[in-house]
Amino acid sequence: MTSLPQTRHLATAVPGPRSQALMSRKQAAVSAGVATTMPVFARRAEGGIVEDIDGNRFIDLGSGIAVTSVGSSAPLVVDAVVDQVRSFTHTCFMVTPYESYVAVAEQLARLTPGDHEKRSALFNSGSEAVENAVKIARAFTGKDAIVAFDHAYHGRTNLTMALTAKNMPYKHGFGPFAGEVYRAPMSYPFRDVADVDGAAAARRAIAMVEAQVGADNLAAVIIEPIQGEGGFIVPAPGFLADVAAWCRANGVLFVADEVQSGFGRTGTWFAIEHEDVVPDLIVSAKGIAGGLPLSAVTGRAEIMDAVHAGGLGGTYGGNPLACAAALAVIETIEGEGYLGRAREIESVFRERLSKLQEADARIGDVRGRGAMIAVELVDPTSGNPDAALARAVAAYAHGEGVITLTCGTWGNVLRFLPPLSISDALLHEGIDVVAAGLEAAR
Ligand SMILES: *Cc1c(COP(=O)(O)O)cnc(C)c1O
């Protein structure tokens with residue numbers, strides 16, 4: 001494996017001729033419903049760099065949406081997958097099981113919060129795992145209703161579209177959606193009025209749930225400890241703990257969707273640890289297997305074991321290549337000290353972004369944890385979301401060789417999700433480009 005130079009480099013205009021030609025082939029062959037953030041096609045990726053087929057090298061502030069946290073093609077992951085692919089590619093765990101699936105479940109029991117007895121089940125995508133968490137919660141509680149929150153994102157399958165809050169592009173025209181899903185108000189410190197602290201936001205959500213759903217009908221509350229697609233919203237301190245305490249007192253399961261915020265992204269294995277909450281069920285995906293498709297539901301043994309034999313599974317769930325990759329990801333995060341690295345990345349971003357904010361009233365909020373950091377862009381006079389500005393800055397960065405993503409219910413949040421393998425030099429250079437994009441859009 002030749003290593004990819006860890007430098008930003010523009011060999012052509014962005015997109016270059018090869019990417020342009022491939023984009024025409026894409027248009028002729030791939031559904032228009034599958035859109036791309038970047039106008040370029042990837043050739044290689046490693047460390048903090050993605051190289052395209054025209055030889056342009058981009059600073060990666062996206063990690064393929066929080067997936068390649070250990071870097072793309074991380075050495076231990078490559079070796080583990082190559083070894084596994086030579087032994088066997090698939091037997092189906094439900095037909096002829098294999099050790100790596102069990103080993104991943106053992107690791108999840110060790111790494112997830114709480115020292116109670118745990119069990120896991122493995123799946124392919126975040127959406128599939130969220131759906132299974134709902135199945136498990138209903139089987140255990142014998143109840144139907146599920147509460148999700150404003151700004152939530154839980155996936156694109158039918159049940160997870162129902163859980164997801166945002167219409168465009170995730171739900172528009174795709175209904176009818178699954179029933180017995182209710183939405184509660186989120187704690188959103190930047191947009192809540194000043195006296196709505198964590199406890200007050202929890203009271204507001206619980207009051208709505210009690211009035212409109214009723215604990216006797218409610219199987220589970222599902223929440224992202226830091227909301228991802230919804231805008232990197234970090235709830236006020238105490239909010240998650242108070243909601244979890246209400247759940248425990250009322251026979252309702254508390255499910256943490258850590259698909260984006262988990263697996264070291266925020267400087268702890270799971271973001272909920274920052275709030276000292278132990279969820280009943282925890283959903284992992286994205287960063288779990290370094291780019292191979294894998295997801296998991298991990299939870300209290302009595303809940304996970306309440307499902308009848310054969311009730312959980314799927315042809316590919318816990319595929320051996322993905323399990324081998326996940327074990328190598330865990331070894332890499334621990335061996336490289338990547339939890340600490342995520343906290344270092346947070347301090348680099350916080351310092352730079354707060355300085356930018358002091359001089360730029362369009363930066364309404366800087367928030368996030370670890371290597372999951374965002375700025376919310378607003379109209380300085382009205383405070384209204386400024387999605388056009390977020391789009392302009394992202395497009396500028398793309399043209400200058402930096403991969404950045406936007407998010408948020410109103411599309412006005414620039415989010416940063418670098419691989420934990422990125423260097424400080426690339427981080428600073430990436431932030432310089434974002435700052436120049438903000439200036440260019442003045
Ligand atoms: C991405 C995401 C999902 C869906 O995962 P897929 O693998 O895309 O199905 C669910 N929940 C959260 C919080 C996510 O960020």
Side-chain angles (χ1 to χ4, degrees), residues 33-37 62-69 112 121-137 146-166 169-171 174 177-178 181 183 186 220-235 240 254-266 269-272 274 279 281-298 314 316-319 322 325-326 329 368-374 405-409 413 415-417:
V34 185
T36 70
T37 300
S63 304
I65 320 186
V67 169
T68 52
S69 299
T112 51
L122 304 184
F123 306 97
N124 302 289
S125 69
S127 307
E128 191 187 359
V130 168
E131 291 229 5
N132 277 279
V134 170
K135 283 162 62 175
I136 294 162
I146 305 292
V147 161
F149 286 82
D150 288 334
H151 313 289
Y153 182 85
H154 297 292
R156 294 171 178 269
T157 57
N158 186 264
L159 174 56
T160 58
M161 276 193 293
L163 296 168
T164 290
K166 188 174 175 177
Y170 307 124
K171 303 168 75 166
F174 297 148
F177 303 112
V181 171
R183 196 162 307 286
M186 181 63 182
V221 165
I222 181 163
I223 190 162
E224 300 154 84
I226 298 177
Q227 290 182 318
E229 306 304 302
F232 281 28
I233 300 164
V234 185
L240 293 168
F254 183 87
V255 182
D257 178 349
E258 294 249 18
V259 169
Q260 192 156 160
S261 58
F263 258 77
R265 177 57 46 192
T266 69
W269 277 100
F270 293 92
I272 194 107
H274 297 288
L281 299 178
I282 189 157
V283 183
S284 306
K286 291 200 165 94
I288 190 175
L292 276 84
L294 186 71
S295 62
V297 181
T298 303
Y316 291 116
N319 170 272
V329 163
R369 278 193 164 108
M372 185 173 185
I373 295 280
L405 306 171
T406 59
C407 65
T409 294
V413 178
R415 60 169 151 172
F416 306 108
L417 290 163

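Order of listing sets the numbers, starting from 1, for every ligand and every atom in it.
The N/O atoms of Gln260, backbone and side chain alike, include one that comes under 3.5 Å of an N/O atom in ligand 1. Considering backbone and side-chain N/O atoms, Val130 never comes within less than 3.5 Å of an N/O atom of ligand 1. Among the atoms of Ser127, some N or O lies under 3.5 angstrom from an N or O of ligand 1. Inclusion of Glu229 in the set of residues having an N or O under 3.5 Å from an N or O of ligand 1 is not warranted.
Annotation for Ile226 and Phe232: closest pair CG2-C, 4.1 Å, computed over non-hydrogen atoms. Here the shortest heavy-atom pairing between Gly155 and Thr160 reads C-OG1, 3.1 Å.
Tested against Val130 for a side chain to side chain contact (heavy atoms under 4.5 Å, CB included), the candidates Leu159, Val255, Val283 yield a single pass: Val283. Shown are Gln260, Arg415, Gln227; of these, the side chain to side chain contact (heavy atoms under 4.5 Å, CB included) with Cys407 is made only by Arg415.
Annotation: the span from Ile272 atom CD1 to Asp257 atom CG amounts to 10.5 Å, rounded to 0.5 Å.
Contact annotation: Gly228 has no heavy atom less than 4.0 Å from any atom of ligand 1.
Although no hydrogens or angles enter the test, the distance criterion places no donor-acceptor pair under 3.5 Å between the side chain of Lys286 and the main chain of Gly126.
Not a single ring pair (Phe, Tyr, Trp, His ring centres under 6.0 Å) links Phe123 to another residue, sequence neighbours left out. Scored by the side chain to side chain donor-acceptor pair (under 3.5 Å) test, Ser284 finds no partners at all (sequence neighbours excluded).
When non-hydrogen atoms are compared, ligand 1 lies under 4.0 Å from the side chain of Lys286 (C-beta onward) but not from its backbone. Here His154 has backbone heavy atoms under 4.0 Å from ligand 1, and that is the only part of it that gets that close.
Close approach of ligand 1 to Asp257 (heavy-atom distance below 4.0 Å) involves ligand atoms 10 (C), 11 (N), 12 (C), 13 (C). Within ligand 1, counting atoms from 1 as listed, the ones closer than 4.0 Å to a heavy atom of Glu224 are 13 (C). Ligand 1 places these atoms under 4.0 Å from at least one heavy atom of Ser125: 7 (O), 9 (O).
For atom 6 (P) of ligand 1, the nearest non-hydrogen atom of the protein is Gly126 N, 3.4 Å.
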